[in-house]
Amino acid sequence: MNYFSTFYRICTGPGVFVELYKRGAWKAFRDLLLTCVLGGMLYAAIQVALTHTLFTEGARKIDAEFGSLQAVGEALLPTRDAAVARTLTLTPAFSITYVPAPDPALGERLPDNGSYGLILTPKGSWAWMRQSADSVTAIPCSFAGWQRHIQTANAQQAIPIDKLGETIGSWEVPFPIPKDVQTMSAVNQVWVFQGMFGIFCWVGWFLSLLIQVLLFGGLFVLVFGLFGNSRTSLTRKEIWVTMIYAGFPAMLLGTLIQGFELGLSYNTVYVFGMIGYLLFILARLERELNPALRNQSNNRDSDDSDLDF
């Protein structure tokens, strides 16, 4: 039984678990890794599809405001009105601020309600994130060769808003300075940006899926082993394997709900879905593996049928 056949049978009924609980732990873990990889791809595809319009409109706004962008050494500079300082707000949370010269009032140019963004200067480019109403952290960025590198140097502490321009102006950009100049239109790079965004979503969701299975599943197996072990004839390894496979439908449903932002968190869907399905499966396995319980269940069914008129 291959992976896709297994996944389909898990999602269509519990009967397959009579075979699955006997599988080795390593085989189950490999199937879990594959499920996390495919789940990450599904989540990334949803996010890319949902944000395509946002990326396209944002790129058009950048081109309209700044013209094509030039990578000059470590700086990312506009070709339109390069002598004019300004801030472009792309979303309520994200903005791009450009200053052509050291500006002590740089912090005042950041949107009051903004959460993060880019600061472009002839000396270098900086990513910032708000820590409080009066402070931010800033990280120098390299766009040389269109390969973006992040350095955490000088970004360990929050910077007061009124000191941001002075602080950035005093930093040395920690990157080698190439001499060539490259020009880029944001509109022409939409799919590049979305590809990077998709990879980020894929890796992030893969890790999120895997960590939560190991965390919540491990806690369930531990608690069940301590308090419910006398109620089952399954070993802890068999419970662990059953738990991994029982969580697959909840992982799929939770990824879809989280991806389309339908109001429930993935944690809620996974925990309740996995535990509910797992308890049902364990009870069914006990009836299948324990002849006394199976006969008792059959007798109850027979008694119920006698009541039919």
When you compare the side chain of [Y] with that of [X], does any pair of heavy atoms fall below 4.5 Å?
X: E261; Y: L50; answer: no
X: F280; Y: F17; answer: no
X: L252; Y: F7; answer: yes
X: Y270; Y: V213; answer: yes
X: T235; Y: Y21; answer: no
X: T6; Y: R23; answer: yes
X: L256; Y: L262; answer: no

Common cluster, [X]/[Y], ILVMFWY with side-chain heavy-atom separation under 4.5 Å:
X: L209; Y: L33; result: yes
X: F94; Y: L54; result: no
X: F272; Y: I257; result: no
X: V84; Y: L77; result: no

Measure from the side-chain N and O atoms of [X] to the backbone N and O of [Y], and report whether any donor-acceptor pair falls under 3.5 Å.
X: S115; Y: A93; value: no
X: T12; Y: Y8; value: yes
X: S265; Y: T268; value: yes
X: R130; Y: G114; value: yes

Of all heavy-atom pairs between [X] and [Y], which one has the smallest distance, and what is that distance?
X: K22; Y: K237; answer: O-NZ, 4.0 Å
X: A28; Y: I244; answer: O-CG2, 3.7 Å
X: L234; Y: E238; answer: CA-OE1, 3.4 Å
X: V190; Y: A59; answer: CG2-CB, 3.6 Å
X: P14; Y: I281; answer: CB-CG1, 4.1 Å
X: V16; Y: G13; answer: CG1-O, 4.1 Å

Strictly by side-chain hydrogen bond (donor to acceptor under 3.5 Å, both in side chains), give each pair with a member in residues 34-48 just once, sequence neighbours left out.
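Qualifying pairs, neighbours excluded: Y3-T35.
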Please report the interatomic distance [atom1]([X]) to [atom2]([Y]), rounded to the nearest 0.5 Å.
X: Y116; Y: T137; atom1: OH; atom2: OG1; result: 13.5 Å
X: T91; Y: K61; atom1: OG1; atom2: NZ; result: 8.5 Å
X: L120; Y: W126; atom1: CG; atom2: CH2; result: 12.0 Å
X: I275; Y: L282; atom1: CD1; atom2: CG; result: 11.5 Å
X: Q194; Y: Q189; atom1: CD; atom2: CD; result: 12.5 Å
X: I62; Y: F66; atom1: CD1; atom2: CZ; result: 7.5 Å

Chi angles and distances behind the side chain to side chain contact (heavy atoms under 4.5 Å, CB included) call for F248, L32:
CA-CA 8 Å; F248 284 4; L32 171 63; 4.2 Å; yes
Start with the C-alpha gap between F29 and L214, add the side-chain angles, then the distance that decides, and say whether side chain to side chain contact (heavy atoms under 4.5 Å, CB included) holds.
CA-CA 10 Å; F29 185 70; L214 297 179; 4.3 Å; yes
Working note: W205 + M41, criterion side chain to side chain contact (heavy atoms under 4.5 Å, CB included); need CA distance, chi angles, decisive distance, verdict.
CA-CA 8 Å; W205 197 246; M41 294 174 65; over 6 Å; no
If you count the non-hydrogen atoms of other residues, nucleotides and ligands that lie under 6.0 Å from [atom1] in [X], is the total more than 12?
X: D162; atom1: CG; value: yes
X: K27; atom1: NZ; value: yes
X: W202; atom1: CH2; value: no

Donor-acceptor list for residues 95-113 side chains, cut-off 3.5 Å, not counting sequence neighbours:
from, atom 1, to, atom 2, distance (Å)
T97, OG1, T87, OG1, 3.1
Y98, OH, A82, O, 2.4
D103, OD1, A105, N, 2.9
D103, OD2, R109, NE, 2.7

Show your working on side chain to side chain contact (heavy atoms under 4.5 Å, CB included) between L69 and T79 and close with a plain yes or no.
CA-CA 6 Å; L69 299 176; T79 56; over 6 Å; no
Side-chain donor-acceptor contacts of residues 215-227 below 3.5 Å, not counting sequence neighbours, with atom names and distances?
none

Taking the ring of F200 and the ring of F197, is the distance between their centroids below 6.0 Å?
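Not close enough - the centres of the two rings lie 6.0 Å or further apart.
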E65: which of R80, R86, R60 passes side chain to side chain donor-acceptor pair (under 3.5 Å):
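Result for side chain to side chain donor-acceptor pair (under 3.5 Å) with E65: R86.
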